[in-house]
Amino acid sequence: MQKKTELLDNATISRSLTRIAHEILEKNKGGLDLVLVGIKTRGVPLAKRLQEKIKQIEGIDVPIGELDITLYRDDLQKVVPTDEPELKETNIDVDVTGKQVILVDDVLFTGRTVRAAMDAVMDIGRPAVIQLAILIDRGHRELPIRADYVGKNIPTSEKEVVVVHLNEIDNEDEVILYKKDE
C-alpha cells in the first residue's frame with residue numbers, strides 16, 4: 001500500500017472527539033443515562049477518551065463498556081474459515097436496559113461491524129436507544145446504517161484504505177489514507 005495523505009493528526013483527533021462529546025451531551029440532554037460502548041479494538045480507547053471529555057464538560061463519570069463482536073460477524077467463515085475465531089473479552093459492567101447506549105468505533109465502512117455490535121448489545125439488554133459515534137465515516141455502506149456523531153466524513157474509493165493509529169495501541173495518533181497496490 002502507498003501512503004496517500006494524512007487525514008487527521010493528534011490535534012484534529014482530539015478536537016473531533018471534543019466536538020463529538022458536546023454533540024452527545026446536547027442530543028441526549030446531558031449524560032445521566034448514557035453508556036459508552038467501545039467496539040474492539042480501536043473503539044475502546046476512543047470511548048475512554050469520550051468518557052474523559054464528558055467528565056471534563058459535565059463533571060460526571062459515564063459508564064463505559066468494551067464489546068467484542070467476533071461471534072456476531074456475518075462474514076466469520078470468510079475471515080476465519082478453518083480456525084476457531086479469536087475471542088476478545090466483552091466487558092460491560094452496567095445494565096444497558098433503558099439506557100442510551102453510544103456505540104463507539106474508529107471507521108464506519110460497510111456497516112456490518114455496527115450491525116454485529118447492535119446484535120451483541122441487544123443480547124446483553126434492551127437499551128432505550130442505540131446511537132453511533134465514529135471517528136471516520138468513509139462511505140460505501142452495504143446496510144442502512146448511519147452514524148449519529150462523526151469526527152470526519154472522508155469520501156473514499158474501493159481502492160483506498162483508512163488506517164487509524166491511536167496512542168493507546170499504536171503509540172501515535174493519526175489517521176492515514178492509503179492507496180491499495182494493484
Undergrad: Can you list everything that forms a side chain to side chain donor-acceptor pair (under 3.5 Å) with D33? Sequence neighbours excluded, please.
TA: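 Testing D33 for side chain to side chain donor-acceptor pair (under 3.5 Å), a comparison that skips the adjacent residues, returns none.
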Undergrad: If we check side chain to side chain contact (heavy atoms under 4.5 Å, CB included) with V175, which of these qualifies: V107, L135, T5?
TA: L135
Undergrad: Can you run down the ring pair (Phe, Tyr, Trp, His ring centres under 6.0 Å) pairs that involve residues 121-178, sequence neighbours left out, and say none if there aren't any?
TA: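 Every ring pair (Phe, Tyr, Trp, His ring centres under 6.0 Å) pair that includes a residue of residues 121-178, provided the two are not neighbours, is F109-H140.
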Undergrad: Kindly write out the residues that satisfy side-chain contact (heavy atoms from CB on, under 4.5 Å) with D9, not counting sequence neighbours, or none if the list is empty.
TA: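 With neighbours one apart ignored, the set is E6, A11, T12.
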Undergrad: List the residues meeting side-chain contact (heavy atoms from CB on, under 4.5 Å) with R146, not counting sequence neighbours, and say none if there are none.
TA: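 Partners of R146 by the side-chain contact (heavy atoms from CB on, under 4.5 Å) criterion, ordered by chain and then number, come out as D148.
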Undergrad: Indicate, with yes or no, if L8 and I169 share a hydrophobic cluster defined by side-chain heavy-atom contacts under 4.5 Å among Ile, Leu, Val, Met, Phe, Trp and Tyr.
TA: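 No.
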Undergrad: Through direct or indirect side-chain contacts below 4.5 angstrom among Ile, Leu, Val, Met, Phe, Trp and Tyr, which residues connect to L103?
TA: V35, V37, I39, L67, I69, I92, V94, V96, V101, L108, V114, M118, V121, M122, I124, I130, L132, I134, L143, I145
Undergrad: Please say whether more than 12 non-hydrogen atoms of neighbouring residues, nucleotides or ligands are located less than 6.0 Å from CZ in R19.
TA: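 Above 12, so yes.
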Undergrad: Please report the shortest heavy-atom distance between L34 and V62, naming the atom on each side.
TA: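 Nearest pair, atom of L34 first, then V62: O-CG1, 3.5 Å.
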Undergrad: With sequence neighbours excluded, what pairs up with R112 under the side chain to side chain donor-acceptor pair (under 3.5 Å) test?
TA: D74, E142
Undergrad: Roughly how far apart are L166 CG and R42 CZ, rounded to 0.5 Å?
TA: 6.5 Å
Undergrad: Output the distance between atom OG1 (T18) and atom CD (E23), rounded to the nearest 0.5 Å.
TA: 11.0 Å
Undergrad: Nearest 0.5 angstrom please: I24 CD1 to I54 CD1, how far?
TA: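 Nearest 0.5 Å value for the CD1-CD1 distance: 5.0 Å.
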Undergrad: Checking K53 against S14 for the side-chain contact (heavy atoms from CB on, under 4.5 Å) test, could you report, in this order, the C-alpha distance in whole Å, the side-chain angles of both residues, the deciding distance, and whether it holds?
TA: CA-CA 10 Å; K53 290 186 181 291; S14 181; 3.3 Å; yes
Undergrad: Just by modelled atom types, is the G139 backbone N or O under 3.5 Å from a matching donor or acceptor in the R141 side chain?
TA: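 At least one qualifying donor-acceptor pair exists.
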Undergrad: To check you understand the geometry: which heavy-atom pair defines the closest contact between N167 and R49, and what is its length?
TA: N-NH2, 3.6 Å
Undergrad: Name all pairs fulfilling the ring pair (Phe, Tyr, Trp, His ring centres under 6.0 Å) condition that reach into residues 42-62, sequence neighbours left out, sorted by first residue then second.
TA: none
Undergrad: According to a 4.5 Å side-chain heavy-atom criterion applied to Ile, Leu, Val, Met, Phe, Trp and Tyr, with indirect links allowed, do I176 and M1 form part of one hydrophobic cluster?
TA: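 Per the 4.5 Å side-chain linkage, I176 and M1 are co-clustered.
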Undergrad: In this structure, are over 12 heavy atoms from other groups packed under 6.0 Å from K27 atom NZ?
TA: yes
Undergrad: With rounding to the nearest 0.5 Å, note down the distance linking CD in E158 to NZ in K180.
TA: 7.0 Å
Undergrad: Hey, could you give me each pair passing side-chain hydrogen bond (donor to acceptor under 3.5 Å, both in side chains) that has a residue in residues 99-109? Not counting sequence neighbours.
TA: N28-Q100
Undergrad: Show the nearest heavy-atom pair for residues V164 and D170, with the distance to one decimal.
TA: O-OD2, 3.8 Å
Undergrad: Would you please name every residue forming a side chain to side chain donor-acceptor pair (under 3.5 Å) with D119, sequence neighbours left out?
TA: R115
Undergrad: Do I102 and L25 land in one hydrophobic cluster if side-chain heavy atoms of ILVMFWY residues count as linked below 4.5 Å?
TA: yes
Undergrad: Using the side-chain contact (heavy atoms from CB on, under 4.5 Å) criterion, which residues pair with V44? Sequence neighbours excluded.
TA: K40, K48, E66
Undergrad: Hydrophobic clustering (ILVMFWY, side-chain heavy atoms < 4.5 Å, transitive) - are V161 and I154 grouped together?
TA: no
Undergrad: Can you establish whether the number of heavy atoms outside Q56 located under 6.0 Å from its atom CD is more than 12?
TA: yes
Undergrad: Provide the closest heavy-atom pair for L50 versus A133 in the form atom of the first, atom of the second, distance.
TA: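 Shortest heavy-atom separation between L50 and A133 comes out as CD1-CB, 4.4 Å.
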Undergrad: Distance from R138 atom CZ to T110 atom OG1, nearest 0.5 Å?
TA: 9.5 Å
Undergrad: Considering all heavy atoms of both residues, which atom of P155 and which atom of E160 are nearest to each other, and what is their separation?
TA: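 The pair with the smallest heavy-atom distance is O-OE1, 4.4 Å.
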Undergrad: Mind checking side-chain contact (heavy atoms from CB on, under 4.5 Å) for V150 and listing every partner two or more places apart, or none if nothing turns up?
TA: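 Listed in chain order: D137, A147, N153.
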Undergrad: Please identify each residue that fulfils side chain to side chain donor-acceptor pair (under 3.5 Å) with D95, with sequence neighbours left out.
TA: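 Only T97 meet the side chain to side chain donor-acceptor pair (under 3.5 Å) criterion with D95.
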Undergrad: Drop me the distance from L46's CG to S16's OG, to the nearest 0.5 angstrom.
TA: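 Spacing of CG (L46) from OG (S16) equals 10.5 Å.
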